[in-house]
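Read through the structure below, which is laid out as C-alpha cells, and then see the notes.
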Amino acid sequence: MNRKIKDTIIDSLVNGLNPPQKKAVTMPIGRHCLILAGAGCGKTAVLTRRIAFCAHTHCEQNRILALTFTRKAAEEMKSRLIKLSGINTNTVLPVVTTFHGYGLKILRETVNGIRNTERLGYKAEPQLITGDERLSILADVSTIEQRKTLGVNIKALDDLIARRAVNPHKVNQLPEVSQRILEEVAENLSRMKIEKNFWEFSDMILKVLTLLSQYPDIVSHYAKKFSCILVDEFQDTNPLQINMLSSLLSSENNLFAVGDDDQAIYGFRGADIGPIMHFQDHFPGAEIVKLETNYRSTPSILNAANRIFSDKPPQYRKILKSGKFGRSKEDHGQKPKKYSFVNHSEMAEWIIKTGKLIEKEEAIPFPDMAALFRVNETLDYTKSEIVRKLGTDTTLPAFLTVHGSKGLEFPVVFLCDLEESVFPSYRLRRSHRIRTWGDLLKKIFTKKKPDDIECDFDEEKRLFYVGVTRAEKILFLLSVKEMKMHGRKVFLRPSRFLRLL
DNA sequence: TAATATTACCTTTTT
DNA sequence: GGTAATATTA
C-alpha cells in the first residue's frame, strides 16, 4: 500500500477526534499506555480506532487482542470495529472477547500436541457448574465442623472461597486456623471438580493461571501470540485478570488500557483499583493520557459531577468540560434539582407528573428517561407504584440500578435512593426494637450495642458519580423521608451526597 | 429422626 | 417480611 493511501486511512481514523483522543489513538506502539477516560468522553471510539490503527500500521489483525468484561461490550466493540477504515473484513479479524471468553479459548486449545485441559488433569471438556449446583458441591467438600470453626454457612463459605481465589492476600488476614481450613476445602473442591469433570466460571481464568505457572512452554507460546493487547474498563480488573494479562505481555508487545478510576464500582466482587491507580508501577514506562472533554451532558451537570471529586490529587483528577454544549446561558442547562418526598408512593406520583410535563415542554419522550436506584428493592417498589398509577399499557422510563446503568445515557435522569444508609449504602445501627428473646436479653444486659458500619464509602461515591453522569440534559436528585425496609418502617435522613452538589 | 421453635441475615453482578 | 440455618423438642 502506498504511503498516501496509508495516511488517508489514518486521517479518517482520527477524523472528528479532539487532540487528546487523537494522541491516544496514534500513540507510538512501543510502550504501555493508559487512557484515563472521563464519563462520556468517547472511550469506545478511541479504543476501536486504536485497534484499527494498530491493524493498519503495526501488525496482522489476528495479532491484536482486545479484552472486555461483558459479552455485550465485546459485541458492541466488534460491530463498531468492522465499520472502520483500516480494518480488513476479508481476513481474520482482531480477537475481541471477554477475559473469561479468552481464558476458555486458551483452555480448549492444544499446545505442542497436548490439550490444555489434559495438562490440567481433565479427561474431557469439563461441564460448567453454576449457582445451586456449586453450593451443593461445596456442601459435599466441607464438613459442618469446618464451617463451624470458620463461623460461616455454605453461602458465606462460597464467598470466602471465591475471595481466596480472586484476592489471596485479603484471606491472609484471617486467623491461621481459618486459613488452613479454607486451604483444605479449596483443595477438596478442586479435586472434586477434576473427578467429576466440572468447572466453574472463575476457572476459566484460574485454570489458565495454573496452566501458565506449571508449563513454561505454554507461557512463551501465548506471550508471543499478540503484538497489541487492549483492555477496556481497566478499573474493573481483578487480580486474577491482571495476572492473566501479565502472562500475555512480553517484551514483544504492549498494553493499551482504557478506564476511569472514578467509575470503579465493582470492588465488592473483587475488582482492584490498584493497577489503574499505580499503572506506571505495574507497567513500567507507561504513558497516561486523560480524556476530559465530555460529549454527553450539559455544563450544569458536568459542574455537579466535577464537584464530587474536587478533593482528588491532581495526577488522576479529571475536570470534565463540555464538548457538545456552548457557553450561552441557554446551552448551560438547568442545575440538578433536589426533591424530598414523604414516601415512594409520593415520589412515584411526582416522577410521572414531572416526566409527562418535560415530555410536553421539552419534547423528550417519557420512555427515553431513566429512574436509577441504589438497590433493587426500592426500584421494584417504585416501579410497581408507577405501573399501578399509570396502568400497564404505558411505556415506562428505564428502571435500572446505578450499577446496571453504567455505560448508558439518558436525556432525563431521576436519581433516587438518596438517603443515608441506602445511598451511600451501609448497615444502620441496630434499632432498639425487640423481636427475639435474644434481643430482650441484650436489652437487659447490655447498655450499648454498636453494630459496625461496614461499607466502602469511596466506592459509594464513585457509584453516585456514575449515576450523575448518566444524565444528558436534566438531572433530578430524589430522596424519601420514610420507607419500609425489611418489613419495618424506618425514617431516613437525606444522603450526604446531596451536600456535595 | 423429624417436627417445630428460634435466630440471624438481608446491596450492587458478570462470566 | 421472607428465608435459611440452627437449636430444641418429642
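Only this structure's heavy atoms are used, side chains among them; waters, hydrogens and symmetry mates stay out.
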For residues 476-485 of chain A, dump all side-chain donor-acceptor pairs below 3.5 Å to protein atoms at least two apart in sequence or in another chain.
unit_1 : atom_1 : unit_2 : atom_2 : d
A:K481 : NZ     : A:S340 : OG     : 3.0
A:E482 : OE2    : A:K489 : NZ     : 3.3

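- For residues 181-191 of chain A, the side-chain hydrogen bond (donor to acceptor under 3.5 Å, both in side chains) pairs, not counting sequence neighbours, are A:Q146-A:E184, A:R164-A:E183, A:N188-A:R191.
- The nucleotide whose nearest atom lies closest to any side-chain atom of A:V375 is, among B:dT15, B:dT11, B:dT13, B:dT11.
- Applying a 4.0 Å cut-off to non-hydrogen atoms, the residues of residues 68-80 of chain A that approach DNA chain B are A:F69, A:T70, A:R71, listed by residue number.
- Atom pair A:L372:CG and B:dT12:C1' shows a separation of 13 Å (rounding to whole Å applied).
- Annotation: side chain to side chain contact (heavy atoms under 4.5 Å, CB included) contacts of A:L206 (sequence neighbours excluded): A:A165, A:D203, A:L240.
- Regarding A:L379, its CG atom lies at a distance of 12 Å from the C1' atom of B:dT12, rounded to whole Å.
- Atom CG of A:L463 and atom P of B:dT12 are 11 Å apart (whole Å).
- Spacing between atom CG of A:D236 and atom P of B:dT13 amounts to 13 Å, rounded to whole angstrom units.
- Every residue two or more places apart in sequence or in another chain was checked for a salt bridge (charged side-chain N to carboxylate O under 4.0 Å, His left out) with A:E472, and none qualifies.
- Not counting sequence neighbours, the partners of A:F69 by the ring-ring contact (aromatic ring centres under 6.0 Å, His included) test are A:F99.
- The side chain of A:R374 lies closest to B:dT11 when the candidates are B:dT14, B:dT15, B:dT11.
- Salt bridge status for A:R374 with A:E419: absent, with no side-chain N to carboxylate O gap under 4.0 Å.
- Comparing the same atom, P, in B:dT13 and in C:dG2 gives a spacing of 22 Å after rounding to whole Å.
- How far CG of A:L248 is from OH of A:Y222: 9.5 Å, rounded to the nearest 0.5 Å.
- For the pair A:L107 CG and B:dT15 C1', the interatomic distance rounds to 13 Å; values are reported in whole Å.
- At whole-Å resolution of the value, CG in A:D203 and C1' in B:dT14 are 15 Å apart.
- In this structure, A:N376 reaches the B:dT12 phosphate: one of its side-chain N or O atoms is under 4.0 Å from OP1 or OP2.
- Residue ring and base: A:Y266 does not count as stacked with B:dT14 (centre distance below 5.5 Å and interplanar angle below 30° not both satisfied).
- In this structure, CD of A:Q235 is placed 15 Å from C1' of B:dT12, rounded to the nearest angstrom.
- Phosphate proximity of B:dT13 to A:T401: present, with a side-chain N or O under 4.0 Å from OP1 or OP2.
- As rounded to whole Å, 12 Å separates atom C1' of B:dT13 from atom NE2 of A:H100.
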